[in-house]
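Here it is, the structure, as structure tokens.
Since we're looking at a predicted model, the values are computed, not measured. FYI, the numbering just counts along the sequence from 1.
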Amino acid sequence: DAWFLDGFAPAKNGAMWDEALFGLMRARSGQGAQVGTYTVAGAVRRGLAAAGFTVSKAPGFGRKRERLEAVCESGVAPEPDRYGLAPAASAPSSIAIIGAGIGGACIARRCMDQGGRVTVFDMAEKVGAGASGNPLALVMPRLDAEDSVVARAALEAYVRARAFYKGRAGVELLDVRQRPRGASDVEKFAKLRADPPLDEALLGFDEEGGLVHKDALLVSPHALLAELLTGAVLRLGNRAQIDVRGGRVNSEQFDAIILASGMAAGELAETSWLPLAGRLGQVEFTEARAAELVAVASGHYALASGLLRLWGATFAPFAGGEIVTSPAASASNGEALKALGHGDWLDFPDAKSRAGVRATTPDKLPLCGGLPDFASALELFAAERKGVRVERDMPRHEGVYIVGGLGSRGFGYAPLLAEILSSQLYGSALPTEQDVAEALSPVRFLLRGLKRGQF
């Protein structure tokens, strides 16, 4: 919609003003897009005009007598919306969110801050009854030594989470020490030290080759969830019946419906094609005799806030059935606690166990985006089965969205996913790069399945 070109004087910074720039700008400009720049250099005027902009001089500022203005009179047609990322036709007033965990709570807060009326449904009798309900949660970055969409999504999620949670109830800042788990971590941490993805205010390195995540977040989930859901209507203890085509939940009409219900999403709507898998995570916790603030991680983690101590977690396949804790998982968590240097916590009395199921995806990235109309998509994108890329808009269930597959990093990913979804609901700019948003879209599994002949 608008460009500002500030590359210093063209005569002194020629590479910035390469003639290819103007054609690239034109290819990305909508109708009526405006260009402003301090320079009136002839090469810039001619380059903009040759690319198709209408160029004119205008009064400058201060000692600058003139500046350039340019307008793109006829915009380029937008690319097809293959991943279902286009904003809603109109901003929703009434929003139903299915799931009262951290994913649903962050979305609820974003929507209410935009003026939406939010109703949250959950089968449980209280919020945070599932995987989001542990006594403590840790938000620290997942860092990769190589650049990739996965690495950028994880880094963006951490930055957004720190900004979103800062100052909220139940959130403490502390340094997290991450120890290498083996030779591969030693190599990766050395690469991170040589080329840090975060500045020194957030990332440090200890003498033993480990990472120090400065001012990471230790969260008391129940306090945080209560704040995020303040102002929402809570419908707890009842199963939600969803009509994805009619936009109704339990016969009540809504402008938007957001599925944020973990593994239950497949049962609630037409999402059986999504390859979600359950992982059972068990933690142990107890109270100590003296207050402490601790966070150390190496695959597992050991956390302390005040008198509370928590350690874990397991990540075992879950095929369904009753969610139960096990002595074997407790023993595994205990051995990991000793390796983290806090084996003395095992001597505290009355330790308790808690287990929850985390929904995961094959590529370890969460889901965030509009729910595609599966049957229509199979017909429209059938040529993908033969290796032909179909350039069409992805058919969607209007007003129905899904957020899920957060795995073991729900508190870390939820704010970013909520911001992406908010941009689609209310028509603001995507908060991430386009390829990151596409990598998170649930549509990716539909397109991959077609290419692999699974559908």
Those residues that, when tested against Phe61, pass ring-ring contact (aromatic ring centres under 6.0 Å, His included) (two or more places apart): none
- prompt: Checking side-chain contact (heavy atoms from CB on, under 4.5 Å) for the pair Phe121/Asn238: CA distance, chi angles, key distance, verdict?
  reply: CA-CA 7 Å; Phe121 297 82; Asn238 290 296; over 6 Å; no
Heavy-atom closest contact (Ala439 atom, Leu365 atom, distance): O-CD1, 3.9 Å
- prompt: Of all residues at least two apart in sequence or in a different chain, which pass the ring-ring contact (aromatic ring centres under 6.0 Å, His included) check with Phe189?
  reply: none
message: I'd like to check Leu228 versus Ile102 (side-chain heavy atoms, cut-off strictly below 4.5 Å). Are they in contact?
response: yes
- prompt: What's the shortest heavy-atom distance between His213 and Pro141, and which atoms?
  reply: ND1-CG, 3.3 Å
Partners passing side-chain contact (heavy atoms from CB on, under 4.5 Å) against Ser353 (at least two apart in sequence or in another chain): Gln282, Glu284, Thr325, Ser330
- request: Measure the shortest side-chain to side-chain distance between Arg162 and Asp215 over non-hydrogen atoms and say whether it is less than 4.5 angstrom.
  value: yes
With His342 via ring-ring contact (aromatic ring centres under 6.0 Å, His included) - residues at least two apart: Trp345
field: Arg177 atom CZ: more than 12 heavy-atom contacts under 6.0 Å
entry: no
field: Side-chain heavy-atom pair Ser94, Thr119 within 4.5 angstrom cut-off
entry: no
field: CD/Gln34: more than 12 non-hydrogen atoms of other groups inside 6.0 Å
entry: no
query: Any side-chain heavy-atom pair from Val35 and Leu68 closer than 4.5 angstrom?
result: no
Please output the side-chain donor-acceptor pairs of residues 405-420 that fall under 3.5 Å, not counting sequence neighbours, one pair per line with the distance.
residue: Arg409; atom: NH1; partner: Met140; partner atom: O; Å: 3.2
residue: Glu419; atom: OE1; partner: Arg110; partner atom: NH2; Å: 3.4
residue: Glu419; atom: OE1; partner: Arg160; partner atom: NH1; Å: 3.2
residue: Glu419; atom: OE2; partner: Arg160; partner atom: NH1; Å: 2.7

task: Please check if the side chain of Ser326 supplies one atom and the backbone of Ala329 the other of a donor-acceptor pair under 3.5 Å.
output: yes
query: What pair of heavy atoms forms the shortest contact from Phe315 to Arg279, and how long is it?
result: O-NH1, 3.2 Å
field: For Ser29, all residues meeting side-chain hydrogen bond (donor to acceptor under 3.5 Å, both in side chains), sequence neighbours excluded
entry: Trp3
task: Flag the pair Lys191 and Asp195 as a salt bridge only when some basic side-chain nitrogen lies within less than 4.0 angstrom of an acidic carboxylate oxygen.
output: no
Validation row: His300, Asn333 side chains within 4.5 angstrom (heavy atoms): yes
Asp393 CG: over 12 foreign heavy atoms closer than 6.0 Å: yes
- prompt: So, for Asp255 and Ser93, which heavy atoms are closest and what is the spacing to 0.1 Å?
  reply: OD2-N, 2.8 Å
message: Does this structure show an ion pair linking Asp243 with Arg245, if we count only N-O contacts that are shorter than 4.0 Å?
response: no
- prompt: So do Leu440 and Pro366 actually touch side chain to side chain, heavy atoms under 4.5 Å?
  reply: yes
- prompt: Should the heavy atoms of other residues, nucleotides or ligands under 6.0 Å from CZ of Phe8 be counted, would the total exceed 12?
  reply: no
task: Among Leu136, Leu337, Leu303, find the one that has a side-chain contact (heavy atoms from CB on, under 4.5 Å) with Trp311.
output: Leu337
- prompt: Out of Asp144, Leu143, Leu198, which one pairs with Leu192 under the side-chain contact (heavy atoms from CB on, under 4.5 Å) rule?
  reply: Leu143
query: Just wondering, do Ile323 and Leu280 contact through their side chains at under 4.5 Å, heavy atoms?
result: yes
message: Show, in sequence, the C-alpha distance, side-chain angles and deciding distance for Arg444 and Leu367, and conclude whether the side-chain contact (heavy atoms from CB on, under 4.5 Å) test is met.
response: CA-CA 9 Å; Arg444 69 188 191 267; Leu367 308 166; 3.7 Å; yes
message: Looking at every non-hydrogen atom in both residues, tell me the closest pair between Pro197 and Leu155 and how far apart they are.
response: O-CD2, 3.8 Å
- prompt: Is there a donor-acceptor pair closer than 3.5 Å between any side-chain N or O of Gln253 and the backbone N or O of Gly246?
  reply: yes
field: Exceeds 12 heavy-atom contacts within 6.0 angstrom, atom CE of Met112
entry: yes
query: Is it true that atom NZ of Lys64 has more than 12 heavy atoms of other residues, nucleotides or ligands lying nearer than 6.0 Å?
result: yes
- request: Spell out, as yes or no, whether a donor-acceptor pair under 3.5 Å connects the side chain of Ser441 to the backbone of Ala437.
  value: no
message: Would you say that more than 12 heavy atoms from the other residues, nucleotides or ligands in this model lie under 6.0 Å from the CD of Glu438, or not?
response: yes
task: Have a look at Pro92 and tell me which of Ile258, Ile257, Leu425, Val118 forms a side-chain contact (heavy atoms from CB on, under 4.5 Å) with it.
output: Leu425
field: Residues Glu252 and Arg235 bridged, charged N to O under 4.0 Å
entry: yes
Check ion pair Arg309-Glu292 (N to O, under 4.0 angstrom): yes
- prompt: Hey, mind stepping through Ile242 and Val400 against side-chain contact (heavy atoms from CB on, under 4.5 Å) and telling me if it holds?
  reply: CA-CA 10 Å; Ile242 300 172; Val400 184; 5.8 Å; no
message: Is the shortest side-chain heavy-atom distance between Arg396 and Leu371 below 4.5 Å?
response: no
